[in-house]
Amino acid sequence: MSDSTPLRLRAAAVAVRDDAVLLVLRERDGRRYAVLPGGGVEHGETPQQSCLRELHEETGLDGDVVALLPVGLDRQRPAVYLHVDVGPGSPALAGDAPERGRATPTNRYAPAWVPVGEVESVGLVPPLAVDAVRMAVSAGRSPAAGPAPSARPPR
């Protein structure tokens, strides 16, 4: 990318449910890794709208943005990480994603709930995504976990 090419902002959904994180497992040119559901913010879209659109396209699930996660900034691939509560259902490719996810010898997509303890072992990239997952997990805002401890009323 040349210095004159504008960088496109990305928006990524960080969804945690029942001690698992929603990821898109990838296999591309023999390399296995995982990414958070997300993608580029389109013209006229807010990062929140982009996040929810991409979440649906890549997992078939709908959600609500809970919070912006304050992770650092990757200057090469700037992204906004949004903690999202996801509704019921199992993930499946939707939108144009099935076309992209068609099994080929060099490229596969598979959305899945991955146990929190296995996030690093599946090769979640980029590194800031791992930080975002840690923040969402520690916030404890997933529907199964209930409110974050700091949000509970004093006894």
Any residue meeting salt bridge (charged side-chain N to carboxylate O under 4.0 Å, His left out) with Asp131, in chain and number order, not counting sequence neighbours:
Arg134
Report the residues that fulfil salt bridge (charged side-chain N to carboxylate O under 4.0 Å, His left out) with Glu27, sequence neighbours left out, ordered by chain and then residue number.
Arg32
Kindly write out the residues that satisfy side-chain contact (heavy atoms from CB on, under 4.5 Å) with Arg31, not counting sequence neighbours, or none if the list is empty.
Tyr33, Val125
Rounded to the nearest 0.5 Å, the OH atom of Tyr109 sits from the OG1 atom of Thr59 at a distance of 14.0 Å
Pairing residues for Asp62 by the side chain to side chain donor-acceptor pair (under 3.5 Å) criterion, not counting sequence neighbours:
His56
Considering non-hydrogen atoms only, spot the tightest contact between Pro37 and Leu23 and give its length.
CD-CA, 4.4 Å
Contacts table for residues 63-74: side-chain donor-acceptor under 3.5 angstrom, sequence neighbours left out:
from: Asp74; atom 1: OD1; to: Gln76; atom 2: N; distance (Å): 2.8
from: Asp74; atom 1: OD1; to: Arg77; atom 2: N; distance (Å): 3.3

State, yes or no, whether a side-chain contact exists between Leu22 and Pro91 at a heavy-atom distance under 4.5 Å.
yes
In the structure I gave you, are the side-chain heavy atoms of Asp19 and Pro115 within less than 4.5 Å of one another anywhere?
no
Keeping Gln49 on the side-chain end and Thr46 on the backbone end, is there a donor-acceptor pair under 3.5 Å?
yes
Just how far is it from atom CD of Glu58 to atom CG of Leu93, taken to the nearest 0.5 Å?
8.0 Å
Taking all heavy atoms of Pro47 and all of Val41, pick out the closest pair and write down the distance.
CA-CG2, 4.1 Å
Quick check: does any side chain N or O of Arg17 sit under 3.5 Å from a backbone N or O of Gly87, one acting as donor and the other as acceptor?
yes
For Leu25 versus Ala34, what's the shortest heavy-atom pair and its separation?
CD2-CB, 3.8 Å
Check side chain to side chain donor-acceptor pair (under 3.5 Å) between Arg8 and all other residues, then give those that pass, not counting sequence neighbours.
Glu42
Residues Cys51 and Val84: closest non-hydrogen pair is SG-CG2, 3.8 Å
Partners passing side-chain contact (heavy atoms from CB on, under 4.5 Å) against Ala129 (at least two apart in sequence or in another chain)
Leu36, Tyr81, Leu124, Pro126
How close do Val14 and Ala136 get, heavy atom to heavy atom, and via which atoms?
CG1-CB, 3.5 Å
Quick check: do Arg26 and Asn107 have side-chain heavy atoms less than 4.5 Å from each other?
yes
For Arg10, is there any backbone N or O sitting under 3.5 Å from a side-chain donor or acceptor partner on Ser50?
no
